Asker: 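Got a structure here, written out as structure tokens. Questions coming.
It should be emphasised that the depicted structure is a prediction, and the values quoted were computed from it without experimental measurement.
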Amino acid sequence: MKCVAIGDNFITPDMMKAGIESYPYLNFSDIEYFYFGVQSRSEMRNIVKIIETGGFETLELPSGLLEAVEDADVIMCHLCPITKVVLEKAKKLKLVLCNRGGHENIDVEACTERNVAVLLNPSHNANAVAEFTVGLILNETRNITRSAIAINNGEWREKYPNTATKIHEMCDMTIGLIGFGSVARLVYQKLKAFNCRFLITDPFGNYDDVNKNIAKFVPLEQLLENSDIVSLHARLSRKAILLGENEFKRMKKTAYFINTARSYMVDYSALANALKTGEIMGAAIDVFDKEPVDPDNPLVGLDNCTLTNHRGGDTINSYSDSPAMMMKEAQKFFEGDTPKFWLNPTIKR
């Protein structure tokens, strides 16, 4: 079998090579490596934003890729677009391995039409994002960044946006998880140690392993009305607002909103207004429609909102470990087992 592996600034060709070589069970007879995108991490963020907002077909493919895929059985990628043009060239292709949780850079419909399986890897940075989410919750509710900034500015600050309504420990809080995929499950597992309670909404979730004594599965409206922390972990397949003015009005005035998932699902102007008017207590945001963030973004400068520059999944583990994880799932596919995160399992093998 032949594999074409396309790395980028985040998951490099060298990382893919190390992952493939550390998992030799597939015995590829030929492997070709390519590099997609630019060398600058900040400029690659712009490419990510284009991909996540539906413009992947406009991006330039690596030179020589179309020729290389003509006899490929497997394509491994991270951010490189797998378009109809690529698939039309790849006559022998059986499997696309995408080293990320989203599939915005893959023409899944065209893959399915050509009987090409698509495997994703939402687990590759799940732990990193989950850890970061817990960090943002603690940071926002306990005023960690605000306190540090005050001391650096020569101020011993005693009053914060949540001082008047009391600063609560995590054991007092109900955590609302919107979406219950890989990241949210890890957030749930980590916050169980804080003795939190949970409200969860996800129409596709499997709740067999959840402790029903501390977690309830409720509609979104009920979650918003009863959670102390609302953390977004959903991933819609199309660009659509999930949380806007009406949803923020449903939340408690003492509640906090956390987003380490997708920016396009949240009306940030409505969020800014909710923060300014006291409809909710605070927010912590790691993802934005435009990155770097414009100075006139309505969330910039709000004392009750912590902003971070898309750091959630940015650990070396989340990138370097992924290719070997994908190789394990590819082996399952070729041996007739069911791999994790198979996006189009209706195809014929």
Asker: For Asn9 and Gln39, indicate whether the former's side chain and the latter's backbone hold a donor-acceptor pair under 3.5 Å.
Answerer: yes
Asker: Does some side-chain heavy atom of Leu177 sit less than 4.5 Å from a side-chain heavy atom of Leu199?
Answerer: no
Asker: Distance only, no hydrogens: is a donor on one side chain within 3.5 Å (strictly under) of an acceptor on the other, for Tyr268 and Asn259?
Answerer: yes
Asker: Hey, can you tell me if Tyr319 and His124 have their rings parallel, tilted or perpendicular (30° and 60° cut-offs)?
Answerer: tilted
Asker: Going by atom types alone, do Asp107 and Thr83 pair a side-chain donor with an acceptor below 3.5 Å?
Answerer: no
Asker: Got a sec, which residues hit ring-ring contact (aromatic ring centres under 6.0 Å, His included) with Tyr160, two or more places apart in sequence or on another chain?
Answerer: none
Asker: Among residues at least two apart in sequence or on other chains, which ones pass side chain to side chain donor-acceptor pair (under 3.5 Å) with Lys192?
Answerer: Gln189
Asker: When rounded to the nearest 0.5 angstrom, what is the spacing between CD1 in Ile241 and CG in Asn246?
Answerer: 12.5 Å
Asker: Would you confirm whether Ser227, through its side chain, and Leu224, through its main-chain N or O, come within 3.5 Å as a donor-acceptor pair?
Answerer: no
Asker: If the threshold is 4.0 Å, N to carboxylate O, is there a salt bridge linking Asp71 and Lys92?
Answerer: no
Asker: So, the side chain of Asn297 versus the backbone of Leu299: is there a donor-acceptor pair under 3.5 Å, distance only?
Answerer: yes
Asker: Could you tell me whether the side chains of Asn127 and Glu131 share a donor-acceptor contact shorter than 3.5 Å?
Answerer: yes
Asker: Considering non-hydrogen atoms only, spot the tightest contact between Phe180 and Val210 and give its length.
Answerer: CE2-CG2, 3.5 Å
Asker: Taking Ala126's backbone N and O only, do any of them form a donor-acceptor pair with Ser182's side chain (distance below 3.5 Å, no angle check)?
Answerer: no
Asker: Might you point out which heavy atoms bring Gly179 and Ala184 nearest each other, and give the distance in Å?
Answerer: O-CB, 3.1 Å
Asker: When you look at CD of Gln331, are more than 12 heavy atoms from neighbouring residues, nucleotides or ligands closer to it than 6.0 Å?
Answerer: yes
Asker: Rounded to the nearest 0.5 Å, what separates atom NZ in Lys216 from atom CD1 in Ile214?
Answerer: 12.5 Å
Asker: Hey, are the side chains of Phe10 and His78 touching, using non-hydrogen atoms and a 4.5 Å cut-off?
Answerer: yes
Asker: Is a donor on one side and an acceptor on the other found under 3.5 Å between the side chain of Ser320 and the backbone of Met15?
Answerer: no
Asker: So Ile200 and Val218, side chain to side chain contact (heavy atoms under 4.5 Å, CB included) or not? Walk me through it.
Answerer: CA-CA 6 Å; Ile200 303 168; Val218 298; over 6 Å; no
Asker: What do the steps show when you test Arg250 against Glu225 for salt bridge (charged side-chain N to carboxylate O under 4.0 Å, His left out), and what is the final call?
Answerer: CA-CA 5 Å; Arg250 283 184 176 272; Glu225 292 168 357; 2.4 Å; yes
Asker: Quick one, Phe257 and Ile285 - any side-chain contact, counting heavy atoms below 4.5 Å?
Answerer: yes
Asker: So, using ring-ring contact (aromatic ring centres under 6.0 Å, His included) as the criterion, who are the partners of Phe217 when residues are at least two apart?
Answerer: Tyr207
Asker: Mind running salt bridge (charged side-chain N to carboxylate O under 4.0 Å, His left out) on Asp303 and Arg157 for me, showing each step along the way?
Answerer: CA-CA 13 Å; Asp303 191 34; Arg157 186 174 178 182; 2.6 Å; yes
Asker: Take Met44 and Val38, measure what side chain to side chain contact (heavy atoms under 4.5 Å, CB included) needs, and give me the verdict at the end.
Answerer: CA-CA 6 Å; Met44 276 301 293; Val38 294; 3.9 Å; yes
Asker: Minimum heavy-atom separation for Leu119 and Ala330, please, with both atom names.
Answerer: CD1-N, 4.2 Å
Asker: Looking at Arg146 and Glu140, is there a salt bridge between them, counting it only when a charged N and a carboxylate O are closer than 4.0 Å?
Answerer: yes
Asker: Inspect the contact between Lys332 and Glu329 and indicate whether a charged nitrogen and a carboxylate oxygen are less than 4.0 angstrom apart.
Answerer: yes
Asker: Under 3.5 Å, side chain of Asn162 to main-chain N/O of Ile167, donor-acceptor pair present?
Answerer: no
Asker: For the residue pair Arg311 and Phe132, would you count it as a cation-pi contact if the rule is NZ or CZ under 6.0 angstrom from the ring centre and within 45 degrees of the ring axis?
Answerer: no
Asker: Under a 4.0 Å N-O cut-off, is there an ion pair linking Glu88 with Lys84?
Answerer: no
Asker: Hey, would you say the Tyr23 and Tyr25 ring centroids sit under 6.0 Å apart?
Answerer: yes
Asker: Hey, does the side chain of Thr53 reach the backbone of Lys49 with a donor-acceptor pair shorter than 3.5 angstrom?
Answerer: yes
Asker: If you define the side chain from C-beta out and look only at heavy atoms, does anything of Ile75 sit under 4.5 Å from Ile6?
Answerer: yes
Asker: Side-chain contact, heavy-atom cut-off 4.5 Å: Leu26 with Phe333?
Answerer: no
Asker: Kindly indicate, with the supporting measurements, whether the criterion side chain to side chain contact (heavy atoms under 4.5 Å, CB included) is fulfilled by Leu232 and Ile258.
Answerer: CA-CA 6 Å; Leu232 179 61; Ile258 313 294; over 6 Å; no
Asker: Rounded to the nearest 0.5 Å, what's the gap from OG on Ser63 to OH on Tyr35? Could you check?
Answerer: 15.5 Å
Asker: For Arg142, does the CZ atom sit with more than 12 other heavy atoms under 6.0 Å from it, leaving out its own atoms?
Answerer: no
Asker: Under 3.5 Å, is there a donor-acceptor pair between the Thr260 and Thr133 side chains?
Answerer: yes
Asker: Measuring from Tyr256:OH to Asn139:CG, what's the distance to the nearest 0.5 Å?
Answerer: 11.0 Å
Asker: Report, as yes or no, whether the 6.0 Å neighbourhood of atom NZ on Lys340 holds more than 12 heavy atoms from other residues, nucleotides or ligands.
Answerer: no
Asker: Does a donor on one side chain sit under 3.5 Å from an acceptor on the other, for His310 and Asp286?
Answerer: no
Asker: So among Ile175, Thr174, Leu136, which one has a side-chain contact (heavy atoms from CB on, under 4.5 Å) with Ile229?
Answerer: Ile175
Asker: Can you see whether Asn99 engages Ser322 through a side-chain donor-acceptor pair at a distance of less than 3.5 angstrom?
Answerer: yes
Asker: Taking 4.0 angstrom as the limit, do Asp296 and Lys290 come out as a salt bridge?
Answerer: no
Asker: As an exercise, state the distance from OG1 of Thr306 to CD1 of Ile149, rounded to the nearest 0.5 Å.
Answerer: 8.0 Å
Asker: Do NZ/NE/NH1/NH2 and the carboxylate oxygens of Glu104 and Arg262 come within less than 4.0 Å?
Answerer: yes
Asker: Donor-acceptor check, side chain of Asp73 to backbone of Lys94, threshold 3.5 angstrom: yes or no?
Answerer: no
Asker: For Asn105 and Arg100, which I'm curious about, is there any donor-acceptor pair between the side chains at under 3.5 Å?
Answerer: yes
Asker: Tell me if a side-chain donor or acceptor on Asn344 pairs with a main-chain N or O of Val116 at a distance below 3.5 Å.
Answerer: yes
Asker: Can you confirm whether Phe334 sits close enough to Leu95 that some side-chain heavy atom of one is under 4.5 Å from a side-chain heavy atom of the other?
Answerer: yes
Asker: Any carboxylate oxygen within less than 4.0 angstrom of a Lys/Arg side-chain nitrogen, looking at Asp314 and Arg41?
Answerer: yes
Asker: Can you find a heavy atom in the side chain of Asn309 that is under 4.5 Å from one in the side chain of Glu291?
Answerer: no
Asker: Pair Glu32, Lys2 - check salt bridge (charged side-chain N to carboxylate O under 4.0 Å, His left out), show working.
Answerer: CA-CA 8 Å; Glu32 288 192 59; Lys2 177 180 178 180; 2.7 Å; yes
Asker: Return yes if some donor-acceptor pair links the side-chain N/O of Asn304 with the main-chain N/O of Leu275 below 3.5 Å, else return no.
Answerer: yes
Asker: Taking all atoms of both residues into account, what is the closest heavy-atom pair of Leu120 and Gly102, and its distance?
Answerer: CD2-O, 4.0 Å
